[in-house]
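One structure is given below, encoded as structure tokens.
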Amino acid sequence: MSANNLNAEQIAAAAAHLERAELERYEVTKLTDDYPEMTYKDAFDIQWEIRRRKEERGHKVVGLKMGLTSWAKMKQMGVEHPCYGFLVDYFTVPDGGEVKFDELIHPKIEAEVAFVTKKALKGPGITIADVLAATDFLLPAVEVIDSRYKDFKFDLKSVIADNSSSTRFLTGGQMARVEDVDLKNFGVVMEINGEVVATGAGAAVLGHPAASVAMLANMFGERGEEIPAGTFIMTGGITAAVSVNKGDNFSVRYQGLGTVTGRFV
Amino acid sequence: MNQQQIQQCGDELYEAMVSRTTIKPLTERFDDISLDDAYHISLRMLERRLAAGERIIGKKIGVTSKAVQNMLNVHQPDFGYLTDKMAYSQGQEMPISEHLIQPKAEGEIAFVLKKDLLGPGLTNADVLAATDFVIPCFEVVDSRIENWKIKIQDTIADNASCGLFVLGDTAVDPRKIDLTTCGMVVEKNGQIISTGAGAAALGSPVNCVTWLANTLGKFGIPLKAGEVILSGSLVPLEPVKAGDFMTVSIGGIGSASVRFV
């Protein structure tokens, strides 16, 4: 991993700036405009600083997520590598629940499969086999993403600093064991207001959703961090992200994993 | 269009197919061409194929995705006929230079029937009860119209742009899978190029077959036991050339592959 070009003070200021945009719901210009010299290490340090700020205020980290893992997403966003983010307690919305549109800037939704681990994963060198062996169960999930950047436009460093656009998520209640789901071929169907708006299959996530968890463990490993046992991990959108409006309801069906539904109010 | 024009267009399309050439869009030559005219032209083209010794073995449903419907500005599917000469087996080479002009491949779920289905008034339950099995399929669509410059009437007249098709070799009872959510992954030369799921075709592949049975039923034409019905693409069309190798896998059903030479 690259070294830092920003000092601790700049990193703290950038984290405060991006977190304020999230909490107070306004758009900002992308961070690389403010700090053209920033490195990937700087970008991740800013994200981890946002995480530290939230934990310091008493929020609990409830999981991790991978972003920009599908070819459709990378193409849509013009980036070439996936990224990760963290999830905290207030991001959680129950299945069938309401997402408050007015707390968000320009939300989009994507269908994902989530892994819950039963063993710690520490990269480098984590493979799909390690991930499958360490997985307790799978759950269907819908992630609401909301970039703090103007018009949802960014580059990879900027989106990493912005906690990979994380904001809200819902999980379904139907769990499955990894050996019972064909993770490459299982399909998802996303409907908004009763209309099918996107379909996809597991392979859209880096060829296999477990590859996404392996990449997360290896990226964590670069910082000397491990993914503890019991971690909830969303692996990335199987479909392109779809914009939503206030009043929209959505329903996502997963082959062998039930459904997740919710509404924007 | 009058009978003579219909016959002439059908003949031109048949001859274009046999000689691997393209013709100008019919809709550029006849501005009054109706959907009915177009289907009559396709029947003339079919008549020529049957006269040359081909045999009908099934039907295909096209224009089932929202993207293609929007492109053609129509809000219903279309259909064409499958003949024995169009069928290829899993792993068999598909010679573009002998049979195709400007081919594109699309992954589909094919239905094989065990009972006749005669609409109108049929429901998805009737279709499922009449289905022997579903099987993975690549349809290789092709157009006898210059540069695929088709309007809905052009593609209908041209046998719904059908070219050739390949069936996989895993037959699955439709009672055992969820056809709406079953996922599809298409790989070209070892790279995943698209994914989709059953709902991409009119909300469900079963809806497509039911639509076809009811549509043909209005003319007294049944879908017959033993026929293969291609239910419509679940992914975007992919242009192919000689040397390409493609695989489609469908969650809970299996896979099919095709090698273009």
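Every chain is numbered from 1 and lettered A, B, ... according to where its sequence line falls, protein lines coming before strand lines. These numbers were taken from a predicted model, which means no experiment stands behind them.
- When each of A198(A), G202(A), A203(A), G256(A) is scored by its heavy-atom pairs under 4.5 Å with chain B, the top score falls to A203(A).
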Considering only distance and modelled atom types, tabulate donor-acceptor pairs under 3.5 Å from the side chains of residues 164-173 of chain A, sequence neighbours left out.
residue : atom : partner : partner atom : Å
S164(A) : OG   : Y84(A)  : O            : 2.6
S166(A) : OG   : N163(A) : O            : 2.7
R168(A) : NH2  : E103(A) : OE1          : 2.9

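- The stretch residues 121-143 of chain A places none of its residues near chain B, where near means some heavy atom under 4.5 Å from a heavy atom of that chain.
- Annotation for A197(B) and G200(A): closest pair CB-O, 3.9 Å, computed over non-hydrogen atoms.
- Counting only residues at least two apart or on different chains, no salt bridge (charged side-chain N to carboxylate O under 4.0 Å, His left out) pair has a member in residues 197-209 of chain A.
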Across chain B and chain A, going purely by atom type as modelled, what donor-acceptor pairs are there at a distance under 3.5 Å?
residue : atom : partner : partner atom : Å
K184(A) : NZ   : E187(B) : OE2          : 2.9
N185(A) : O    : G183(B) : N            : 3.4
N185(A) : OD1  : S249(B) : OG           : 2.7
G187(A) : N    : T181(B) : O            : 3.4
E195(A) : OE2  : K66(B)  : NZ           : 2.7
T199(A) : OG1  : A197(B) : N            : 3.2
A201(A) : N    : T195(B) : OG1          : 3.0
Q255(A) : OE1  : G183(B) : N            : 3.1
Q255(A) : NE2  : G251(B) : O            : 3.0

